[in-house]
Amino acid sequence: MVTKAKQLPDSYGYFEQFGGKFVPETLIPALDELDAAYEEAKNDPSFWIEFNSLSHDYSGRPTPLYFAQRLTEHCGGAQIFLKREDLAHTGAHKINNALGQGLLARKMGKRRVIAETGAGQHGVAAATICAKLGLDCIVYMGEEDMRRQSLNVFRMKLLGAEVCPVSSGSKTLKDAINEAIRDWVTNVRDTYYLLGSVVGPHPYPVMVRDFQSVMGKETKEQILAKCHHLPDYIVACVGGGSNAIGIFHPFVNDKTVKFIGVEAAGRGIKTGKHAASLVAGRVGVLHGAKSYVLQDDAGQIMETHSISAGLDYPGVGPEHSYYKATGRASYVAVEDKDALGAFQLLCQVEGIIPALEPAHAIFYAVKMASTLGREQIIIVNLSGRGDKDMDIVVTALGVNP
Amino acid sequence: MSRITSVFDQGHKALIPYITVGYPDIEATLKVVSLLASNGADIIELGIPFSDLVADGITIQRASFHALQSGVTPKVCLKIAKELSQKTEIPLIFMTYFNPIFSYGLEEFCAACVSSGVSGLIIPDLPPEEGSELEAITQRQGLDLIYLLAPTSTQERAKLVAKRSRGFIYLVSVTGVTGARDRLAADLETFVTRVRRVATQPLCVGFGISTAEQAKRVAKIADGVIVGSRLIQFMEAEDNFMSPVRSFVKGLRQALDELPI
């Protein structure tokens, strides 16, 4: 259940100055309808009984909280725990949100579901849930992302989804969202837009956060059971920011727990080829919300770069902007090459192949752990597994498989 | 009465063409606006290009992308508006998305609009919920902030927009993005009629209008017709587009003038 203590966002969808509903008029009634349907579902115990039961039996929750002993020894400092979202059905945390919104779409009587995807993990999760619930699924994906995550394109098609290539702009996640919004504007009356992160207009940021908070709630119980106290740090990668918000949010009032969000520094912040909206952007409006945005002097949204398609996005969820403004979380950025190094390290010392997205968080946690004492606890959200990234890694390492 | 509202005096049916500034180049924008103004257009909508046009279809996306590539910024658009307002009387409206304006600074942008002779703003991703701050500034500066209504808008929202829109109300003819279409929405008349019941402003209809015949059907019930994508298609198709643009606009004007006032 969602606790009532959280007062943000307000009824207009604002986390202080961040958030809102900057969308064409055509969509406002649809967002109002969604907001009302979600409010109703949120207060309906039977909705959560079904969500929890399917999370358990279908998605495989709770996912373990794993003590990474050899990684900890390798660093020689703080204890590192991994929240194993890589073990969830479909291989990433994205299934939590897809399940919640899929159930909501069905409750609202919408038979046609659209989604956008970057790395393909949300697209696969959406396609999976639509197959399970018997809904039509159309996934928008940038052509560049289809190329670099071709395995996921095939998975979506196997699951019965139609994958629509997007050739505008940088041909990545941002453009896929634009195209999904255009589809929604056109087919709004019978279509449910299953947005995959804590971005977009209200109520998406809060709704996706609520569905993803299952990670943080489990983590809290698990760490208390294992260590009898709360962690000192929680580290998670941030593209749109759903895996980070999901694990952070249940700890938001535990002031001793420090949050670190890790963005993609790509080839280096100075090169301009990165996707670090919070670290290097400024406040703007993109995809319906006011938040940190990578933009040029004239307010045009910039093209981004990251080795991981899931972080390759010029915006970020408004709640992260709020955490940044209030100092509740700090945000850093990790370069492609370092993420790749952490990817290999985790394979070698733990036998776990992470997705390139959380590899950014692993790198930062490893770096930090060695500077901390053994009594300290770092939890990293291992938000997905790396099977999808094999082609990229092969190319990046210049090896013959 | 603002420069925009005076266009609709005595039941005059307004013809409002849209063009993307800097498409295919700046010189073309200057020439086409004069051409439109002298062939029956009443107001010109100047599109400031933006990278992420969620309410626009492929034609305007392409034009906007092209203009951005050639370096057209809000500053450049303001300069062009100034030049235009010095040589023609026709009221100018900027149409763009919120981020370029927000990035410029709301106060600074509105002041720059006024000194460039721009009379109003249309911002498709700024619903009234998010518009209060800009509304206060535009009113102080004497600009009209024009809100939009869509077929999906409830009657409640029609009332809200009727209370707050200045200049006119922009009625989106279809649930969809901009772009030339073969036919108009079947329920357009119902939509216009139900907005008319709660609004006193002129009602202008846009999105998808691409022929004189469609314009005529719209003008029978509305006060103005907005035509964008079809016009840009002419500019896309031929190097020498002045003459087809002229006859297209003349045709639209004629269709509107055939209606009894």
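Letters A, B, ... mirror the listed sequences (proteins, then strands); counts begin at 1. Quick caveat, the model's predicted, so the values are computed rather than measured.
Contacts of Q295(A) with chain B are made by side-chain atoms alone, with heavy-atom separations under 4.5 Å and no backbone atom involved. If you measure heavy-atom distances from F50(B) to chain A, the contacts under 4.5 Å come from both the backbone and the side chain. Neither the backbone nor the side chain of I123(B) has a heavy atom closer than 4.5 Å to any heavy atom of chain A. Only the side chain of P128(B) comes within contact range of chain A, with heavy atoms under 4.5 Å apart. Using a 4.5 Å cut-off between heavy atoms, I177(A) makes no contact with chain B at all. Looking at D297(A), only its backbone comes within 4.5 Å of chain B, counting heavy atoms on both sides.
Using a 3.5 Å distance cut-off with no hydrogens or angles, the side chains of S103(B) and R282(A) do pair a donor with an acceptor. For the residue pair T172(A)/D312(A), the side-chain donor-acceptor check at 3.5 Å is not satisfied. Under 3.5 Å, the side chains of Q214(B) and S210(B) contain a donor-acceptor pair of N or O atoms.
In this structure, P74(B) and Y104(B) approach most closely via the heavy-atom pair CB-CD1, 4.1 Å. The two residues F102(B) and V283(A) have their closest heavy-atom pair at CE2-O, 3.4 Å.
Distance alone, capped at 3.5 Å, is enough to place a donor-acceptor pair between the N99(B) side chain and the G299(A) backbone.
Contacts with chain B (heavy atom to heavy atom, under 4.5 Å) involve no residue of residues 193-205 of chain A.
With sequence neighbours excluded, no residue satisfies salt bridge (Lys or Arg N to Asp or Glu O under 4.0 Å) with E143(A). D175(A) pairs by the salt bridge (Lys or Arg N to Asp or Glu O under 4.0 Å) definition with nothing, not counting sequence neighbours.
With chain B as the partner, the residue from R189(A), E303(A), K290(A), R182(A) showing the most heavy-atom pairs under 4.5 Å is R182(A).
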In a table with atom names and distances, give each donor-acceptor pair under 3.5 Å that connects a side chain of residues 23-33 of chain A to protein atoms at least two apart or in another chain.
unit_1, atom_1, unit_2, atom_2, d
E25(A), OE1, R157(B), NE, 3.4
E25(A), OE1, R157(B), NH2, 2.9
E25(A), OE2, S153(B), OG, 2.8
E25(A), OE2, R157(B), NE, 2.7
D32(A), OD1, K21(A), NZ, 2.8
E33(A), OE1, K110(A), NZ, 3.4

